[in-house]
Amino acid sequence: MSAEAANNDKRDSAWPELEKAEKLARGAALKWASGIFYRPDQLERLGQYRKRETQRTSSVQSRLKSAVQSYLEGVGTGLGQLRTSLDDIRAVGRTMVEVQEECQNKVGSFESLGQLSSLVSDHVQLSTAVHHLHQVFSVPEVVAETRQLIEERRLLEAHTKLMEMECWRDDILYQLHRAGKQSTEGEQVVLSYFSGVGQLNEDLVKELWDVVSCGLTLVKQDPALFVSAIRVIEREEKIDQVTLDSQSQHKFLPPGRPKNLRHMFFKVIEQSTAAQFRARHTDTKGPGLANHLAALQNNVLNDLKVVKHLMVQCCPPHYNILQTYAVLHHTCLSGHLQDIISWDLEKGEIYTVLNWIRHVYHSSPEMMDHPDLFPDVDVASLGPLISQDALEQLQNKYVNAVRVALSDWMQKALEAEVSDWYSEGEPESDHEGYYHSSLPAIVTQMLEENVQVAITIGDRLRDQVVVMALQELEIFLYRLREAVICFGKERSKDSQPKYYLLYLLTVVNNCIAFRKSVQWLQQQSDGGSRSDGCTKASHSIDTAVDRAMKKGCRLLIDKMLLELQPHFLQLLTGSWLSGCEFIDSTCTVIDTYYSYFSHIREPIFQFMLVEGLRLVVIEYIRRLMLKKIICKNAGEREKVWHRLSHDATQLRELFSNLGLEEAERLTNAISSVSELIKLKDSSLLSLEVSGLVANYPDISDEHVSVLLDIRGDVSKEVRGTVLEMLEQSSLMPPEDYQPIFSDILVPAPVLPFCLHTVKCG
């Protein structure tokens, strides 16, 4: 028992999977038995279950035995085959050893065959020579005949004889190659004897290229000669192909092969095409460039017509000769235009090139869009004539040339205009009485002409020229403003120009005309999406127009104010308080000047009314504050208020009659000052000043202090209260506010300084 247990332990340690399988089987059996016999009545069928399981176990054991038996038989068969193979290998090894020993014993016998091999080679050479003896003797005669045929341009016949001689030569060389003597003296003898064939080949090829280079002419005059050349080329291409195919088999390539004549054919027509596109700058200067491009246009079109209608019939379809010529002309023309662009071209020449590139070459019915070429020539596949970068550079070059010309023209026009300002003649006026000169028309015409020319090229160039025109016009307007400033200095001289005012009116009206030119230029760019450069240029030139125009307006108003200065000196004097002479004479001067200003077009005339009245009011209040009178009592304050109110009313009525709707708003500044002086109860000054600050936020405490001084009855406490309130209620002026008090400078107060009277010793 102990021995059996030991065997079981040994088996379990050797086959751990067996133990695991047995446990799983016992567990499955126990589970099955517990499921079957969980009721007592099932025990009666125990014998049936035992018999059925016994039969199932026997069946499984039988299948296992059969499988193991089959496996053992297969292993036995394989072992038998391995034993047989091992015996065969040993037999082959013994045979190889015997063969090796036999070869080593007979090496000396093979050395005696070398002499026999040499005799066989000599026999092959002699046999080849005898076989081609007739052809060899006739080579000089055939060479002479072939040369004669080449000179007579009988190309097909010459090529037939040349092929025949090449065939003789190559056949002899191949026989030598087969004999293994390809590098021997015999091959050199053959090549030397057939040297005339190589020379004939060169002569024939030269003649072929002469015919091909003149192909466009020959297809019209003698197409048979051109066709013969094409047939020779195609023959050689087939021979090249056959030779290359046989090279892989026979390892033999005849001398001079492959000739690649078809490839050379396209090279020759490329060279002959490129020869048409040559010119020197000196020969195409000015109008000569347009004539040169017109000649190129005519030549290219005629060449392509000849190719389509004549040469296409002479060439094989796979040559695609029409598209080939179109590509060649396109490529050569592109390179030629690059050379032209590199020259130092003038403005008109650059335009000629741009117009030819953009509108003649691709889209003109007299060029690539000709009905005879459509649809055989695919223009779209040719691509642009010059690159986009080169086109941009050419357009920039054109814009710079136009810029230089415009700057020079406008400078000369401005110089002529300025010289007219100092002349003895009046400026021109139109049927409505508005003064003007020819300057805006000259400048506008120059700008419009250049923009219209640019439009014919394309939107991109149009935008560039518009931006350039706006920039140059801006520079011109700044020069015009500087000239107006210099002209304005003449008023202080004794020899003031005779028609100083009229020419200033002319300048203002000219600026209005320039604004219309600016608007026209901006509209040209508005046709597409406006570029950033155009937007910036538009903002800058609007500022330049306003500055030049407002400078002329200010000089006109300054001239009026200069004449009003003697009248303003009467303010706060006895004569001013007692009568109306001041305001009457002032209104007379203003009315006189505005009779001149009425020759300015709207809306600038309205600006002149507003600005003129604003400056008159500023000057009026400035003079009032500079006088620094002090009213001694309410009666004097009443008189000052009355005169100020009367003057404000007169100015308001005058400018209202001139057509100014804002006269009341501007003259209210004088009325507000008068109300501050008139106020009887000084305790209400804070309220009055707060209203003044609300209407005129640019008023300062210095201005209020001067007005309080004029009253003469303001105590120190009230003054402090008013100024403190003013400081607390200061406001920022609105954006559209027209300043009045900020343009009035108040002199610093003079401190009292007294000296005691002493006697001089």
### Candidate pair Tyr696 and Tyr737, rule ring-ring contact (aromatic ring centres under 6.0 Å, His included), full reasoning
CA-CA 9 Å; Tyr696 305 99; Tyr737 176 74; 7.0 Å; no

### Query
Can you find a pair of side-chain heavy atoms, one from Arg643 and one from Leu571, that are under 4.5 Å apart?
no

### Query
Side chains of Phe605 and Tyr594: closer than 4.5 Å at any heavy-atom pair?
yes

### Task
For side-chain contact (heavy atoms from CB on, under 4.5 Å), just list the numbers for Leu615 and Arg554, CA-CA rounded to whole Å, side-chain angles, deciding distance to a tenth of an Å, and then say yes or no.
CA-CA 10 Å; Leu615 293 176; Arg554 186 57 190 263; 3.6 Å; yes

### Task
Compare all side-chain heavy atoms of Glu619 with those of Gln565 and state whether any distance is below 4.5 angstrom.
yes

### Task
Evaluate the side-chain contact (heavy atoms from CB on, under 4.5 Å) criterion for residues Glu581 and His567: first the C-alpha distance (whole Å), next the side-chain angles of each, then the deciding distance (0.1 Å), finally the verdict.
CA-CA 9 Å; Glu581 294 180 1; His567 301 278; over 6 Å; no

### Task
I would like to know whether Tyr503 and Tyr422 meet ring-ring contact (aromatic ring centres under 6.0 Å, His included); could you show each step before the answer?
CA-CA 9 Å; Tyr503 277 107; Tyr422 298 90; 8.8 Å; no

### Task
Report yes if the distance between the aromatic ring centroids of His599 and Tyr435 is under 6.0 Å, otherwise no.
yes

### Query
Can any side-chain N or O of Asn668 pair as donor or acceptor with the backbone N or O of Ser671 at less than 3.5 Å?
no

### Message
Using side-chain heavy atoms (C-beta onward) and a distance below 4.5 Å, is Lys632 in contact with Asp713?
### Response
no

### Sub-4.5 Å side-chain heavy-atom contact between Leu708 and Val718
no

### Query
Given side chains that start at C-beta, do those of Met410 and Leu414 come closer than 4.5 Å, heavy atoms only?
no

